[in-house]
Asker: 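Have a look at the structure that comes next, please.
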Amino acid sequence: MLIESGGPSRPLDLGSLNPEQLAAVTHGNGPLLIFAGAGSGKTRVLTMRIAHLLRARGVGAERILALTFTNRAAREIRSRLTQLLGAQKGLWVGTFHSIAVRMLRPHAELLGYRPGFAIYDEEDSRALLKRTLSDLQLDSKKHPLGPLQQRLGRERAQGGSVEDAKFALVADRYRALCVESNGMDFDDILINLRALFVRQPEVLQLWQSRFDHVLVDEYQDTNRVQYEILRSLAGPHRNLTVVGDDDQSIYAFRGADPRNLLEFERDFPEATVVKLEQNYRSTQGILDLAHQVIEKNRERSPKRLWSADQTGSRPVLILAGSDDQEAAWVAERIDRLALEEGIGFGQCAILFRTNAQARAYERALVERRIRYHLVGGLRFWDRREIKDLICFLRLLNNPEDAVSFDRIANVPRRGVSERTAQAVIAAAAESGSSLLETCAKASGLELREEARAALSQFAAEMVPLAAEARRRPPSELLLLIIRRCALAEHYDDGTRSGQARLDNLAELRSLVSDYDHLGAARGLERFLTDVALSTDSDETEAGERVTLITLHMAKGLEWPVVFLTGLEDKLLPHERARFETGGLEEERRLAYVGITRARQQLHLTCAAVRHVFGKTLTLRPSSFLGDALPGQLDLVELEGHAAPELAARHRQRAEGGPAPTRPGRPPAWAPSRTPSDRRQDGE
DNA sequence: GAGACTGGAGTTTTT
DNA sequence: CTCCAGTCTC
C-alpha cells in the first residue's frame, strides 16, 4: 500500500540520474550489486530505488527491508524517502542491530532469553568480561581486558568456532553470563538472530516471507554473521540489492569482510553489476590523487572515479618541521580562509589517524579563538551519571541484569562492596531468584552484618521502584529513582562539573519523556532499546565550528575544505598495521577515505618531528605521499621539514599541470556510453 | 569498604 | 603525557 505524499501520484523524476544510477534504480528482480564510489550519489540511488519499487513497481512498503550500519544512514534514507513520497508506513529501514532486535524480541525465549532482555554496550561487555575472568580465576594481568575484548569481538563477528581451548573457555563462560543476566552484547544480537534462523526454520520462514526486497548499504562492512543473515533472508526471492565500495572498507579489524562484496558475483552468479564512478563531490584534482593512492592496492575491484568539476585548486602538501608547527599552520590557514575567502569554520575539517593527535589541534585552535567540535569525545550516553541512571532503569526492566546491578548496587555509596555485589549475583544465580529478591533476603547470605544491612537498604529503595516501573511512564519513574536514591545530591558536588551532571540528568529526563506516550513497561523497554542502539556519534551538526575527527569517523561525511594530517610513516600507515595481514592495504584505504572527503580544497600535512607519549619521535613522510605523481601537488615548505626528495618532486610543477579535460566532459578513461545510455540521457 | 598511590600501556571501533 | 586498573593503607 502506498501512502500519499500530498500531491497527485506522479512518476518519479528519474531524469536527473546518470545512466549507471538509472540502471541501478530501475533494476527489476534478482540480485543487484552496486559498486558505489565515494561521492557517487549512493544514498540517492538507494532511496530512489526504494521509491521506484514502491511507486513504479507497486511493491508494498511493508515488503521492503533496508539495512544500514549507522543510525545516521538509516535516518537519511528515511527522510529522503519521505521527501520523495511522503511517510512510508510499514517500511523497515534501520541498522542491522536495530532490525535484528526487532526480529529477535518476539522469539527470544526460543534461544533461552527472557522477555525484556538488555542490550550491552562495549563498557557493559567489558565489565562482564572482567567478571568472566575472575569467575574462571584467570589472572587479568596475564590476560589484559582490552585486547581480550577486541579478540572476542572479532572472533565472534567472524562467526566461526574458537580454536584456542583456553580462549574458548572464556568465550563460553562470557556467553553463559550474558544469558544468565538476560543480556546481549552487540555481537550477540546478530549471532542470536543467525542462531534463531538456523534452529527455528519456521521463524526464518516467517521473516523470509515478510519481505520481497532486501537492500543493504555499506556492504563491504558486513561481517560473516551479517552475511549469513542476509543470505537466509534473501534465500527464496534473491531480491538482494547490495551497495558498497571495497576501497572504503576500513573496519576489517572489527571483523568486517570486504570479500562479501568482492565475491558477491560468486554467491549470486545471476547478479547484475553496476559501477557508479561519476563523483559529484570533489574536483578532479582531488580524485586524481585519490586514485594514485588507492590504485596501489592489490585486493580491489578495478574502477576509477571521475568528476565533471575540472575547476578548483590542486591538493596542497604541507611539509612541516614539527607537529606543533603543523597544527599552527592549519589553524592559521583556517583563520585566513575565513578572513579572506569567507569560508566558515563549519566548512573545514581536520582529519587524523589517532585520537591523540586531536590535542595539538585543540590547542592551536583555542589560541586563535576558532570554535571547534571534537567528534568522538565523551559521548552523552557514556557519561557516568547517565550510564548510572540507565542501569537503574535497566535493572527495573530486567530483574536478572547483573551487569546493571553490579554498577549501581553502590550508587550512591551505601556500603555495598564489589565483593558483596558478587555474592548477591552468585546467590541469585544459585537460587534462581531475582537480584532484588536476593538483596531483600540478605539476612540469609553469609556476609558481614554491615554488608547485609547495606543490601537491605538497597532492596528497600529499589523494591517499591520496581512496582512503580509497572505503572508509571518512564520519565516519572526516572524522577522517582532520582528522589528515592537521592541521586541529585550524590552527583552535585557543588563544582561546575557537578552542575553539568545535574543538567545532564535533566536532559536525560526530557529524552525519556518522548517515550511516555507508549505507557509504562512498553515505553521503558523501547527507550532502553533505542538508547542502547543509538550512540550519538551521529551527533547534531555543530554550527559554525571546525570539525576534528578521526579518519574512521569521517567516512560518509564531506567538507569543502579538508586537512588530512599526520601523513607520516608509522602513523598513517600506522605502525601496528604492519604486523597484520592486509593491514597496509586497509591503511591505504583510510588515506583514500580521507582524501575523498574533500569537496574543494584538500591539504595534506606531514611533520618531521612528533611528540608521542611524551617522547619526541623523528618520522619519515608517509609512503602514501610517494604515490602522488611528480608535480601533482602544490607545495608549502615550512622551516625544519625533512622531506627534500618529496619537495623536489612537487616543486616543479609541470607546465600547466596535467592536461585539463574540457569541463563537463568525462576524461578519456571514463566509461564510454552505449547508444541506449545516450537515449536515456536525452541527448 | 573507601580513598590514595603506583605502574603500565596507550590505532582505528558504524552497532 | 595521561588515563586506567590494580594494590596498598587506613
Side-chain angles (χ1 to χ4, degrees), chain A residues 67-74 94-101 119-127 130 133-134 139-141 144-147 149-150 153-154 157 184-191 217-218 220-223 225-226 248-256 351-357 359-360 375-376 378-379 381 409-410 413-421 447-448 450-451 454 529-538 549-557 566 570-580 583 586-587 589-591 593-594 611-616:
Chain A
L67 294 160
T68 66
F69 274 84
T70 64
N71 294 296
R72 190 175 69 209
T95 62
F96 267 97
H97 289 82
S98 72
I99 298 289
V101 168
I119 297 166
Y120 292 150
D121 65 16
E122 301 287 331
E123 192 187 1
D124 302 321
S125 141
R126 188 186 173 85
K130 195 170 165 183
L133 289 183
S134 80
D139 188 357
S140 60
K141 261 206 205 108
L145 273 180
Q149 187 182 20
Q150 194 188 332
R154 190 170 43 228
M184 300 184 192
D185 68 17
F186 292 143
D187 297 318
D188 281 326
I189 290 170
L190 302 172
I191 290 167
D217 191 19
E218 306 277 19
Q220 77 283 355
D221 287 341
T222 48
N223 60 35
V225 178
Q226 287 162 323
Q248 292 187 72
S249 162
I250 55 173
Y251 285 104
F253 73 92
R254 259 301 266 126
L351 276 49
F352 35 78
R353 175 68 237 261
T354 68
N355 284 304
Q357 290 166 257
R359 281 272 159 96
V375 179
L378 186 58
R379 296 184 289 202
W381 299 110
N410 202 30
R413 300 254 121 90
R414 50 170 78 83
V416 181
S417 70
E418 185 54 33
R419 231 179 73 84
T420 306
L447 290 166
R448 297 202 310 179
E450 295 95 320
T529 300
D530 286 358
V531 162
L533 298 177
S534 76
T535 53
D536 59 359
S537 56
D538 27 38
I549 191 170
T550 63
L551 285 166
H552 282 89
M553 301 201 75
K555 190 172 86 165
L557 304 175
K570 294 187 175 165
L571 200 58
L572 182 66
H574 198 276
E575 184 171 22
R576 288 173 71 151
R578 295 216 319 254
F579 306 113
E580 280 151 43
E586 180 141 317
E587 297 293 305
R589 291 192 290 268
L590 265 176
V593 165
H611 304 283
V612 182
F613 306 143
K615 282 193 278 272
T616 307

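Order of the sequence lines sets the chain letters (A, B, ...), proteins ahead of strands, with each chain counted from 1. We use all heavy atoms of the structure for the numbers below, so side chains are in, but hydrogens, waters and symmetry mates are not.
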Asker: Looking at every strand, decide which applies to A/R126 at a 4.0 Å heavy-atom threshold: base, sugar-phosphate, or nothing.
Answerer: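 Sugar-phosphate: the residue A/R126, judged by heavy atoms under 4.0 Å, touches backbone atoms but no base.
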Asker: Look at the rings of A/H97 and A/F186 and say which category their plane angle falls in: under 30° parallel, 30 to 60° tilted, over 60° perpendicular.
Answerer: perpendicular
Asker: State the syn/anti category of B/dT12 according to its glycosidic angle, syn meaning within 90° of 0.
Answerer: anti
Asker: Measure the distance from CG on A/L533 to P on B/dT14 and round it to the nearest whole Å.
Answerer: 13 Å
Asker: Before giving the answer on salt bridge (Lys or Arg N to Asp or Glu O under 4.0 Å), spell out for A/R589 and A/E586 the whole-Å C-alpha distance, their side-chain angles and the decisive distance to 0.1 Å.
Answerer: CA-CA 5 Å; A/R589 291 192 290 268; A/E586 180 141 317; 3.3 Å; yes
Asker: Distance check needed: B/dT12 P versus A/D221 CG, whole Å only.
Answerer: 18 Å
Asker: Stacking between A/H574 and the base of B/dT11 (centre distance under 5.5 Å, interplanar angle under 30°)?
Answerer: yes
Asker: Measure CZ/A/R379 against P/B/dT14 and give the value in whole Å, please.
Answerer: 5 Å
Asker: Using a heavy-atom cut-off of 4.0 Å across all strands, would you classify A/E587 as base, sugar-phosphate, or nothing?
Answerer: base
Asker: Just checking A/Q150: base, sugar-phosphate only, or nothing, at a heavy-atom cut-off of under 4.0 Å?
Answerer: base
Asker: Using only side-chain N and O atoms of A/R413, determine if any of them is under 4.0 Å from OP1 or OP2 of B/dG3.
Answerer: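 For A/R413, the contact criterion (side-chain N or O under 4.0 Å from OP1 or OP2 of B/dG3) is met.
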Asker: Would you classify A/F253 as touching base, sugar-phosphate or nothing, given that sugar-phosphate means primed atoms plus P, OP1 and OP2, and contacts are heavy atoms under 4.0 Å?
Answerer: base
Asker: Looking only at side-chain atoms of A/E580, point me to the closest of B/dT15, B/dT11, B/dT14.
Answerer: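 Between B/dT15, B/dT11, B/dT14, the one nearest the side chain of A/E580 would be B/dT11.
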Asker: Hey, is the side chain of A/R353 poking within less than 4.0 Å of OP1 or OP2 on B/dT12, counting only N and O atoms?
Answerer: no
Asker: Identify whether any heavy atom of A/R359 sits under 4.0 Å from a base atom; if not, whether one sits that close to sugar-phosphate; answer base, sugar-phosphate or nothing.
Answerer: sugar-phosphate
Asker: Side-chain N or O of A/S417 less than 4.0 angstrom from OP1 or OP2 on B/dG1?
Answerer: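 So the side chain of A/S417 is within the cut-off, an N or O lying under 4.0 Å from OP1 or OP2 of B/dG1.
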Asker: Hey, does A/N410 reach any base, or is it just sugar-phosphate, or nothing, if we go heavy atoms under 4.0 Å?
Answerer: sugar-phosphate
Asker: Phosphate oxygens OP1/OP2 of B/dT14: is one of them under 4.0 Å from a side-chain N or O of A/N71?
Answerer: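 No, A/N71 has no side-chain N/O under 4.0 Å of OP1/OP2 on B/dT14.
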Asker: With heavy atoms under 4.0 Å as the rule, sort A/E418 into base, sugar-phosphate or nothing.
Answerer: nothing
Asker: Please report, rounded to the nearest Å, how far the C1' atom of B/dT12 is from the CD1 atom of A/I549.
Answerer: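 Distance, rounded to whole Å: 13 Å.
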Asker: Could you tell me whether A/D185 and A/R126 have a side-chain N and a carboxylate O separated by less than 4.0 Å?
Answerer: no
Asker: CD of A/E575 versus P of B/dA9: gap in Å, rounded?
Answerer: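 Interatomic distance, CD of A/E575 to P of B/dA9: 16 Å.
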Asker: Rounding to an integer number of angstrom, what distance separates C/dC4 and B/dT13 when you compare their P atoms?
Answerer: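 Roughly 15 Å separates the two P atoms.
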Asker: Counting any heavy atom closer than 4.0 Å, what does A/Q248 reach on the DNA or RNA strands: base, sugar-phosphate only, or nothing?
Answerer: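 Touches nothing.
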Asker: Between A/H574 and A/F253, is the gap from one ring center to the other below 6.0 Å?
Answerer: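 Judged by ring-centre distance (under 6.0 Å), A/H574 and A/F253 do not meet the cut-off.
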Asker: Of all the heavy-atom pairs spanning A/L190 and A/A100, show the shortest one and how long it is.
Answerer: CD2-CB, 4.2 Å
Asker: Can you tell me how far P of B/dT15 sits from CG of A/D217, to the nearest Å?
Answerer: 13 Å
Asker: When the distance from CG of A/L447 to C1' of B/dG1 is rounded to whole Å, what number comes out?
Answerer: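 Rounded to whole Å, this separation is 13 Å.
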Asker: Is the phosphate of B/dG1, meaning OP1 or OP2, less than 4.0 Å from a side-chain N or O of A/T420?
Answerer: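 Looking at the OP1 and OP2 atoms of B/dG1, one of them is under 4.0 Å from a side-chain N or O of A/T420.
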Asker: Taking the side chain of A/F186 as heavy atoms from C-beta outward, which of B/dG10, B/dT14, B/dT15 is closest to it?
Answerer: B/dT15
Asker: Is the phosphate of B/dG10, meaning OP1 or OP2, less than 4.0 Å from a side-chain N or O of A/T354?
Answerer: no
Asker: If you round to the nearest 0.5 Å, how far is OH of A/Y251 from NZ of A/K555?
Answerer: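 Separation between the atoms: 6.0 Å.
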Asker: Which whole-number value in Å describes the distance from A/R419 CZ to C/dG6 C1'?
Answerer: 17 Å
Asker: Under 4.0 angstrom, heavy atoms only, what part of the nucleic acid is A/K570 near: base, sugar-phosphate, or nothing?
Answerer: nothing
Asker: With a 3.5 Å distance limit and no angle check, can you tell me whether A/N410 reaches the backbone of A/G415 through a side-chain donor-acceptor pair?
Answerer: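 Flag set: sc A/N410 to bb A/G415 pair under 3.5 Å.
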Asker: So what does A/N355 hit on the nucleic acid, given a heavy-atom distance under 4.0 Å: a base, only sugar-phosphate, or nothing?
Answerer: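 If one applies the 4.0 Å heavy-atom cut-off, A/N355 turns out to touch the sugar-phosphate alone, with no base involved.
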Asker: Tell me what A/T68 touches on the nucleic acid: a base, only sugar-phosphate, or nothing, going by heavy atoms under 4.0 Å.
Answerer: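 Touches nothing.
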